Amino acid sequence: VIGLDPEGRAMEAFARATERRLDERTAAAIVGAIDALYRASGSLDDRSGLLALVRIAGGDYPRDVRSLAEKALKRASATR
């Protein structure tokens, strides 16, 4: 299915990627992708994306990137 991640592979890959420090643009892109996938699926079946967002929100990233991750976390936690 285009634009969805039914098996959670993308979310798992994002979580693995955030185990180390990413450059600012990559971190922001991951936040955007996770946010879009959670909004498209409407659920939190795979929590790997949340882990990646938490790592970015609490990581050594510029304030704007951390803020994006925090906002995405709020939206994802408000989904059904």
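The structure presented is a predicted model; accordingly, all values stated were derived computationally and were not measured. Starting from 1, each residue takes its place in the sequence as its number.
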Heavy-atom side-chain proximity of Glu19 to Arg55 below 4.5 angstrom:
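Yes, their side chains come closer than 4.5 Å.
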
Quick one: does any side-chain atom of Tyr38 pair with a main-chain N or O of Leu50 as donor and acceptor, under 3.5 Å?
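Looks like yes, one N/O pair under 3.5 Å.
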
Only distances under 3.5 Å count here; give the side-chain donor-acceptor pairs of residues 57-70 to other protein atoms, sequence neighbours excluded, each with its distance to 0.1 Å.
unit_1: Tyr61; atom_1: OH; unit_2: Leu22; atom_2: N; d: 3.0
unit_1: Arg66; atom_1: NH1; unit_2: Tyr61; atom_2: O; d: 2.4

Which pair of heavy atoms, one from Gly49 and one from Met11, lies closest together, and at what distance?
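Looks like CA-SD, 3.6 Å.
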
Residues in side-chain contact (heavy atoms from CB on, under 4.5 Å) with Ala52, at least two apart?
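Residues passing side-chain contact (heavy atoms from CB on, under 4.5 Å) with Ala52: Phe14, Thr18, Ile34.
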
Spatial distance of atom NZ (Lys74) from atom CG (Asp35) [nearest 0.5 Å]
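CG of Asp35 is found 13.0 Å from NZ of Lys74.
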
Quick check: is Leu53 connected to Leu51 through a chain of hydrophobic side chains (ILVMFWY, heavy atoms under 4.5 Å apart)?
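Different clusters: Leu51 never reaches Leu53 through Ile, Leu, Val, Met, Phe, Trp or Tyr contacts under 4.5 Å.
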
Membership question, hydrophobic clusters at under 4.5 Å side-chain separation (ILVMFWY): are Val31 and Val54 in the same one?
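Yes, same cluster.
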
